[in-house]
Amino acid sequence: MNGLMRRKTASLDGFQAHQRLAPTLSWPHLIPLGVGSIVGTGIYALTGVGANLAGPAMVISFLIAGAVCACAALAYAEVSTLIPTSGSAYTYSYVAIGEIFAWVVGWSLLLEYSVGSSAVAVGWAGYAVGFLNAVGVHLPAAMTTGVMAGGLLNVPAMLIVFAVAALLLIGTRESATVNAGLVVIKIAGLCVFIALAAPHFNAANFHPFMPYGFTAHDVGGTKHGVMAAAAVIFFAFYGFDTLSTAAEETKNPGRDLPIGIIGSMVICTILYVAIAACAVGAVFYTHFARSAEPLAEILRDLGHGGGAIIIGVAAVIAIPTVILAFLYGQSRIFFVMARDGLLPQSLARVNARTKVPVTMTLLTAVAVALLAGLAPLDQIASMANAGTLTAFVAVSVSLLILRRREPDAPRIYRTPAAWIVAPAAIAGCLYLFWSLPTKTRLLFLAWNLIGLAFYAFWRWRKRETANPA
């Protein structure tokens, strides 16, 4: 157990200039970054997946997933201001619990950010191909679908990942400014959908409301039900935690992080429930349940071809903001893990001019692009959710530990009713995890066993290097 439970401090003392990130962001950057990371493939593409798993009751699935995320967001808001350094749940676990738990969380965050970025890229590609088809440009099917989904390579999904990575390399503040503009386009597109779909609302489309029941259960080899849909739709809500990876690059983290985290969650929850209700109310759910571009499909069914094109354009232009936020978050977590010595420390360097961890950003982009090019959306989203649920549990546990161990530490933001909110987040995340497909849970277990093997090898190599024969 020697060293396994070692905890680190939140101080940046001892790190050289090339190992530190520059504080350039404030809350007007953080709220668009949060909204940009939350609103994306989840609402633009997973609305169809949710309808397929829960029917009209996917509205309840959105509410449940949003409630769990809201509890987790409140936990993040306190811990991120108490530990205002980059690294998100990985760093919080390292400070509050210990090294081996931090490694498991960091390894799981690979699924949230890297795999999540891939899922968003695949969802974006679905809208991009649909838009191109609408304007008369038809790409070969083999070049728009990954080999695991029956095609060859999803080239559009790979290209968008590299395009976003190029933007990130310009600089953090610059990419955040571009992101804010794209978020406005994204929200405008969703408002167009609500304006066009709402007048067609028909309560009869909500019957039967819960065709697959509430609990997750197998139907034809796939888990269906409200909770099964919530476990996948959960992907539509997370992203606010990306803001916690920006703590070290925030000018006033004590004020700006809670505003960014809570503000973005409130905006997105209201928007999501409105979209889900309008979608189901306008068209019977089976019409769009399996569509790669459900919102555009709904508008076409309603005779709003022009509106469908607007939705497609908004998605094509603005969904990359989610990829930007996730690539940003993953590169920062890799950077901090390298800075802590859990990855090669040679990778913990930032560019002298742009203050961006270039090597980590490029390595992350390559991994994300390869996965996006090969795998289908639903399988990627489920794996990403498993990693995120782990991180949310870790942050909620860290909140409770720090409340008990350091009750007098100055807290700029205090989570209200913390001993209710944090356990609610933990219980909700565990239940959503159990509602994931059995295959996803087994793959997640295998993923973490591989991670622990890497950790054991790393500790052995470090000991051998420190004590050569």
Side-chain angles (χ1 to χ4, degrees), residues 30-31 33-35 37-39 42 61-83 87-93 95-97 101-102 104-106 108-109 111-113 116 227 230-247 257-270 272-273 322 325-326 329 333 381 384-403 411 413-436 444:
L30 295 178
I31 287 183
L33 184 63
V35 173
S37 61
I38 297 170
V39 178
S61 301
F62 270 101
L63 286 172
I64 292 172
V68 173
C69 283
C71 291
L74 291 172
Y76 266 94
E78 175 172 327
V79 180
S80 64
T81 56
L82 189 63
I83 308 173
S88 187
Y90 157 76
T91 295
Y92 310 151
S93 300
V95 172
I97 309 174
F101 290 97
V104 170
V105 171
S108 297
L109 285 173
L111 296 176
E112 176 179 355
Y113 291 117
M227 290 309 301
V232 177
I233 284 174
F234 178 77
F235 179 82
F237 279 94
Y238 69 74
F240 65 85
D241 52 314
T242 304
L243 299 183
S244 64
T245 68
L257 285 175
I259 292 175
I261 292 172
I262 297 172
S264 59
M265 269 299 298
V266 170
I267 292 171
C268 294
T269 299
I270 294 172
Y272 277 14
V273 173
V322 185
F326 282 9
I333 290 170
N385 286 356
T388 306
L389 290 167
T390 302
F392 283 9
V393 168
V395 173
S396 300
V397 170
S398 296
L399 168 65
L400 298 178
I401 289 175
L402 293 171
R403 277 287 184 100
R411 287 170 169 79
Y413 174 84
R414 293 182 67 89
T415 300
W419 292 96
I420 297 175
V421 169
I426 294 168
C429 288
L430 292 176
Y431 191 72
L432 286 174
F433 180 84
W434 188 252
S435 300
L436 286 170
F444 179 73

Subject >> Distance-minimising heavy-atom pair for I401 and A96 >> reply: CG2-O, 3.6 Å
Original post:
Nearest 0.5 Å, what's the OG1-CD1 distance between T91 and I83?
Top reply: 8.0 Å
Subject >> Test side chain to side chain contact (heavy atoms under 4.5 Å, CB included) applied to A102 - qualifying residues, sequence neighbours left out >> reply: Y90, S93, Y94
Cut-off 3.5 Å, no hydrogens considered: what does the side-chain donor-acceptor table look like for residues 418-427, sequence neighbours left out?
none

**OP:** Using the salt bridge (charged side-chain N to carboxylate O under 4.0 Å, His left out) rule, collect all pairs that involve residues 66-81, keeping only residues at least two apart or in two chains.
**Re:** E78-R403, E78-R411
Original post:
Considering residues at least two apart in sequence or located in another chain, which fulfil the side chain to side chain contact (heavy atoms under 4.5 Å, CB included) criterion with V266?
Top reply: I262, I270
Original post:
Which atom pair, heavy atoms only, marks the closest approach of A89 to V395?
Top reply: CB-CG2, 3.5 Å
Please output the side-chain donor-acceptor pairs of residues 386-393 that fall under 3.5 Å, not counting sequence neighbours, one pair per line with the distance.
| unit_1 | atom_1 | unit_2 | atom_2 | d |
| --- | --- | --- | --- | --- |
| T388 | OG1 | A384 | O | 3.0 |
| T390 | OG1 | A386 | O | 3.0 |

Original post:
Side chains of I97 and V105: does their closest heavy-atom pair fall under 4.5 Å?
Top reply: no
Throw together a table of side-chain donor-acceptor distances under 3.5 angstrom for residues 429-436, partners on residues two or more places apart or in other chains.
| unit_1 | atom_1 | unit_2 | atom_2 | d |
| --- | --- | --- | --- | --- |
| S435 | OG | Y431 | O | 2.9 |

Original post:
At what distance, to the nearest 0.5 angstrom, does SG of C69 lie from OH of Y76?
Top reply: 10.0 Å
**OP:** State, to 0.1 Å, how close G66 and M265 come at their nearest heavy-atom pair, and which atoms those are.
**Re:** O-CE, 3.9 Å
